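The figures here come from the full heavy-atom set of this structure, side chains too, leaving out hydrogens, waters and symmetry mates. No experiment lies behind these values; they were computed from the predicted model shown.
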Amino acid sequence: MTSDTLLPPAPVVATRTWSAVLFDLDGTIIDSAGDITRSLAHTFDTVGLPVPDEATLRDYVGPPLLDSLRLSAGLDDEQARHALGIYRAHYNQRAIRSPVFPGIAGLLERLHAAGIPVALATSKPEAVARTVLEHAGLSRYFTTITGASEDDSRTTKADVVAEALRRLGDAGVDALHAVMVGDRGYDILGAAAHDVPTIVVEWGYGSPAEAADALAIVHSSDQLGKLLLG
């Protein structure tokens, strides 16, 4: 996203008190696009398909990868699962290399200090997401870390958000006034399925068009902090 396409932030957000905050991971907390696209290029090459250009590869970052391999790469179910296995074996060796976006660690610390429960809701496999956050020293700020299941029974963003909300509820958290923070239209749609609004971060990998239904768009962690903390 570019600054000249920013949507005006919703003025009511700054006065809202959120009972919980759900965060996406890729493109929101960590800058993982380069590592993901390198692993995708390796995957395409290994299965004997032409390697797409960088812009096309970046479109794979965010949505459930199994679905993208079927819909965008044109693979059948068996081929997609085979390709996904190749990708995961390659990417899992690189996952912890991705840097945390500037200001995010401090924001998570401030949310934690303010007593606002924070959950991760990512389409990345849960075990990998947990490893990434632990390596970055951020896992202690999360009430729950929720990702895609290893058996691929929970892959859609809506399913991941549902599970994150369920776990928050089990932990005694009031999730009725939760907000999602993400960077793609998939985050907005997945959260909206559970009546959760989404704040979109401009530093992520989505296009301005994807943010049309966002509650607000922010261009910095400071601006995000003001909307989340008031």
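- Hydrophobic clustering, with ILVMFWY side chains joined whenever heavy atoms are under 4.5 angstrom apart, keeps Leu65 apart from Tyr186.
- The residues Arg70 and Asp67 are annotated as salt-bridged, a charged nitrogen and a carboxylate oxygen being separated by less than 4.0 angstrom.
- Cluster note: Val196 groups with Leu22, Val161, Leu165, Leu168, Val173, Met180 through ILVMFWY side-chain heavy atoms spaced under 4.5 Å, whether in direct contact or through intervening members.
- Contact of the Glu150 side chain with the Pro125 side chain is registered, since non-hydrogen atoms from C-beta on lie closer than 4.5 Å.
- Taking 4.5 Å as the limit, some side-chain heavy atom of Val181 sits within range of a side-chain heavy atom of Leu228.
- Side-chain contact between His135 and Val132 is absent, with no heavy atoms from C-beta onward closer than 4.5 Å.
- Judged as a ring-ring contact (aromatic ring centres under 6.0 Å, His included), and not counting sequence neighbours, the contacts of Tyr91 are Tyr87.
- Looking at residues two or more places apart in sequence or on another chain, you find a ring-ring contact (aromatic ring centres under 6.0 Å, His included) between Phe44 and Tyr60.
- Residue pairs meeting the salt bridge (Lys or Arg N to Asp or Glu O under 4.0 Å) criterion with at least one member in residues 47-62, sequence neighbours excluded, do not occur.
- Every residue was checked against the salt bridge (charged side-chain N to carboxylate O under 4.0 Å, His left out) condition with Asp151, not counting sequence neighbours, and none meets it.
- Using a 4.5 Å cut-off between side-chain heavy atoms of Ile, Leu, Val, Met, Phe, Trp and Tyr, with links allowed through other members, Leu189 and Leu66 fall into different hydrophobic clusters.
- With sequence neighbours excluded, the residues forming a salt bridge (charged side-chain N to carboxylate O under 4.0 Å, His left out) with Asp35 are Arg38, Arg94, listed by chain and number.
- A side-chain donor-acceptor contact under 3.5 Å links Trp203 to the backbone of Thr28.
- Both Leu49 and Leu69 are assigned to one and the same hydrophobic cluster, defined by single-linkage of ILVMFWY side chains at heavy-atom distances under 4.5 Å.
- The pair Asp24-Lys157 meets the salt-bridge criterion, since a charged nitrogen lies less than 4.0 angstrom from a carboxylate oxygen.
- Sorted pairs that involve residues 145-166 and meet ring pair (Phe, Tyr, Trp, His ring centres under 6.0 Å), not counting sequence neighbours, are lacking altogether.
- Both Phe101 and Val21 are assigned to one and the same hydrophobic cluster, defined by single-linkage of ILVMFWY side chains at heavy-atom distances under 4.5 Å.
- Taking Arg154 as the reference, Glu126 meet the side chain to side chain donor-acceptor pair (under 3.5 Å) condition, with sequence neighbours excluded.
- Applying the ring pair (Phe, Tyr, Trp, His ring centres under 6.0 Å) test to pairs two or more places apart or on separate chains, those with a residue in residues 24-43 are His42-His90.
- Residues that satisfy the salt bridge (charged side-chain N to carboxylate O under 4.0 Å, His left out) test with Arg88, not counting sequence neighbours, are Asp152.
- Here the side chains of Val47 and His82 are in contact, with some heavy-atom distance below 4.5 Å.
- Looking at residues two or more places apart in sequence or on another chain, you find no salt bridge (charged side-chain N to carboxylate O under 4.0 Å, His left out) involving Asp45.
- Within the 4.5 Å cutoff, side-chain heavy atoms of Val179 are placed close to those of Pro197.
- Transitive grouping of hydrophobic side chains (ILVMFWY, heavy atoms separated by less than 4.5 Å) keeps Ile29 and Val160 in distinct clusters.
- A distance of 5.5 Å separates OG1 of Thr46 from CD1 of Ile86, quoted to the nearest 0.5 Å.
- Two residues are said to be in side-chain contact when any heavy atoms from C-beta on lie closer than 4.5 Å; Val100 and Ile30 meet this criterion.
- Ring planes of Phe142 and Phe23: perpendicular class, angle over 60° (limits at 30 and 60°).
- The ring-ring contact (aromatic ring centres under 6.0 Å, His included) test applied to His112 returns Tyr141, not counting sequence neighbours.
- Using a cutoff of 4.0 Å between basic side-chain nitrogens and carboxylate oxygens, Asp77 and Arg81 are scored as salt-bridged.
- Side chain of Glu210 to main chain of Gly185: a donor-acceptor pair is present (N/O by atom type, distance under 3.5 Å, no hydrogens or angles).
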